[in-house]
Amino acid sequence: MWFHHNPFESQDSAQAIGAAQAYPVNQTRLENGLTVVHQYIPLVPVVAVDIWVKAGVTSEPESVPGLAHVLEHMIFKGTETVAPQYLDRLLERQGGIVNAATGYDYAHFYIVTLADQLEACFAPFVNLLIHATIPEAEFRQEQDIICAEIDQAYDNPDWVVYQSARQLLFSHHPYGRPVLGFDELPPLLSAAHTRDFHHRLYQPDNMTIVLVGDLTHEQAIDLVQKHCDWPQALLGRKPPPLSPLIPLSQRSCHAMETPGIDQARLTMAWLGPDVSASAQGYGLDLLSVLLTGGRTSQLVADLLEQRGWAYDIHSEFFLQREGGCFTISVWLDPQYLEGVETVIREYLYQLGESCISETELHRCQQLVVNDFTFGTEMVNQLAGLYGYYSILGELEQALAYPQLIQALEPQHLQNLVQQYLSPNNYAITTLQPCSL
């Protein structure tokens with residue numbers, strides 16, 4: 001195990017996950033409730049800082065969908081001491097990176113900087129997150145940019161199909177709403193709403209700061225204590241009540257048509273385990289590779305190589321706090337929509353009836369572990385991994401991923417198909433071209 005709850009305890013390093021394995025991960029909770037995750041990797045003079053906040057779509061009032069994403073934009077609009085664009089210019093001069101993203105369970109903001117420029121960038125970065133003023137003029141100007149981003153999403157047929165499938169699967173739950181909000185900004189949205197959302201949720205006990213790269217643990221803690229020692233506000237932060245997630249008991253379908261596309265789209269979706277059962281979620285990661293991971297995978301070999309019914313197939317499992325989402329998406333000619341759905345259902349039925357071979361299992365395990373290794377080779381990728389699991393569950397869940405994948409057996413996968421991937425009960429959305 002290369003993860004330390006206590007940075008002063010000595011622990012053995014164990015299984016390898018890339019070059020970072022030699023350097024333990026430390027997790028510390030400061031007196032104000034802020035969680036700090038740190039890993040010292042002195043291989044290159046670079047540091048990634050990734051700040052995660054439990055302030056995603058599930059924290060929004062239902063009357064203001066898209067609020068978490070709006071706040072993500074407004075965080076960078078300045079404070080009383082940091083001007084808008086100041087951080088961008090500072091990082092741009094050294095070739096650094098600054099960016100942010102909003103999800104269903106979180107929002108996160110990150111920078112990648114040269115190690116010797118870290119404090120010069122860290123100070124304004126955390127100042128923006130903690131003390132964002134969200135000025136009225138900047139708020140009004142940003143509305144056009146956010147609306148353009150929403151319009152682009154709704155013009156993307158793949159995004160439309162995916163969101164429709166989520167709405168069927170997560171009806172009456174925030175997971176069914178688009179992160180960006182619906183096709184226009186809600187009339188209730190205001191700078192005051194955004195300030196209130198920020199003030200209630202961007203509190204130290206609701207946040208994790210991850211630092212990975214060329215700085216020691218002592219340097220990391222000193223830096224965070226110097227710039228993030230703000231007191232926790234005594235605010236009521238009761239989250240909005242969430243409807244329980246229940247698997248579909250039948251096939252739920254939404255068929256759409258649109259002009260301007262050549263290929264039809266089909267997305268099938270199933271409710272998966274929540275983050276407390278992440279080991280089962282890892283098994284669904286492996287099943288997605290079994291079905292669509294490469295030319296020799298089952299659905300690709302059948303629908304693309306043999307029948308020629310599909311242009312492309314992709315599947316994935318998306319782990320979430322309340323309940324995950326397993327999807328299979330296909331690009332195809334409209335005439336094959338019904339046939340492709342039938343083939344996918346037949347494969348799931350077979351996987352629930354019999355175990356796959358050890359050879360096939362080993363191929364999929366190797367692909368998943370390799371993908372994990374390649375996806376954690378950079379400091380910003382590691383910082384994102386630690387932040388994601390620190391906010392959703394436990395950091396150890398991320399670190400145990402390769403070992404848990406390697407421990408899966410054919411019977412485990414068969415059980416997971418039976419439990420989560422019913423060939424009869426699922427959400428399906430289709431989109432095909434029309435002449436209008």
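The residues of the chain are indexed from 1 along the displayed sequence.
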Decide yes or no for [X] and [Y]: does some side-chain heavy atom of the first lie under 4.5 Å from some side-chain heavy atom of the second?
X: Cys325; Y: Phe170; value: yes
X: Leu404; Y: Leu408; value: no
X: Thr430; Y: Met256; value: no
X: Pro334; Y: Pro433; value: yes
X: Met268; Y: Arg345; value: yes
X: Arg321; Y: Asp274; value: no
X: Val49; Y: Val210; value: no
X: Leu416; Y: Leu287; value: yes

Using every non-hydrogen atom in the two residues, find where [X] and [Y] come nearest and quote the distance to one decimal.
X: Ile261; Y: Gln432; answer: CD1-C, 4.0 Å
X: Ala310; Y: Leu304; answer: O-CG, 3.4 Å
X: Leu168; Y: Ile428; answer: CD1-O, 3.5 Å
X: Val179; Y: Val57; answer: CA-CG2, 3.8 Å
X: Leu392; Y: Val275; answer: O-CG1, 3.3 Å
X: Gln163; Y: Pro178; answer: OE1-CA, 3.4 Å

For [X], is the [atom1] atom crowded, meaning more than 12 foreign heavy atoms sit under 6.0 Å from it?
X: Glu62; atom1: CD; value: no
X: Phe182; atom1: CZ; value: yes
X: Glu377; atom1: CD; value: yes

Kindly indicate, with the supporting measurements, whether the criterion salt bridge (charged side-chain N to carboxylate O under 4.0 Å, His left out) is fulfilled by Glu60 and Arg177. CA-CA 11 Å; Glu60 296 171 346; Arg177 298 202 299 256; 3.1 Å; yes
Are a donor atom and an acceptor atom from the side chains of [X] and [Y] found within less than 3.5 Å of each other?
X: Tyr386; Y: Asp50; result: no
X: Asp285; Y: Tyr401; result: yes
X: Arg166; Y: Tyr162; result: yes
X: Gln419; Y: Asn415; result: no
X: Thr292; Y: Ser297; result: no
X: Gln381; Y: Thr376; result: no
X: Ser249; Y: Asn425; result: no
X: Arg200; Y: Asn206; result: no
X: Thr267; Y: Ser329; result: yes
X: Ser288; Y: Glu316; result: no
X: Asp302; Y: Gln298; result: no
X: Gln280; Y: His412; result: no
X: His73; Y: Glu149; result: yes
X: Thr359; Y: His362; result: no
X: Gln94; Y: Thr113; result: yes

Go through the steps to decide whether Arg89 and Glu92 satisfy the test salt bridge (charged side-chain N to carboxylate O under 4.0 Å, His left out), and finish with yes or no. CA-CA 5 Å; Arg89 296 192 187 99; Glu92 188 178 285; over 6 Å; no
Which of parallel (below 30°), tilted (30 to 60°) and perpendicular (above 60°) describes Tyr175 and His173? tilted
Look at the aromatic rings of Tyr388 and Trp52 and report parallel, tilted or perpendicular, splitting at 30° and 60°. perpendicular
d(Leu385 CG, Asn380 CG) to nearest 0.5 Å is 11.5 Å
Can you tell me how far the CG atom of Leu284 sits from the CG atom of Leu319, to the nearest 0.5 Å? 9.5 Å
Counting N and O atoms only, with roles assigned by atom type, does the side chain of [X] sit under 3.5 Å from a partner on the main chain of [Y], one being a donor and the other an acceptor?
X: Gln39; Y: Val212; value: no
X: Thr429; Y: Ala165; value: yes
X: Glu138; Y: Pro135; value: no
X: Thr342; Y: Glu338; value: yes
X: Ser190; Y: His193; value: yes
X: Gln397; Y: Tyr389; value: no
X: Gln263; Y: Trp331; value: no
X: Thr373; Y: Val369; value: yes

Do the two ring centres, one from [X] and one from [Y], sit under 6.0 Å apart?
X: His199; Y: Phe197; result: no
X: Tyr420; Y: Phe326; result: no
X: Tyr336; Y: Trp309; result: yes

Test Arg251 against Glu341 for salt bridge (charged side-chain N to carboxylate O under 4.0 Å, His left out), laying out the working first. CA-CA 11 Å; Arg251 176 181 181 269; Glu341 181 185 354; 2.7 Å; yes
I'd like to know if Lys54 pairs up with Asp105 as an ion pair, taking the criterion as any Lys NZ or Arg NE/NH1/NH2 lying under 4.0 Å from an Asp or Glu carboxylate oxygen. no
So Arg195 and Glu136, salt bridge (charged side-chain N to carboxylate O under 4.0 Å, His left out) or not? Walk me through it. CA-CA 10 Å; Arg195 285 192 210 102; Glu136 291 283 348; 3.3 Å; yes
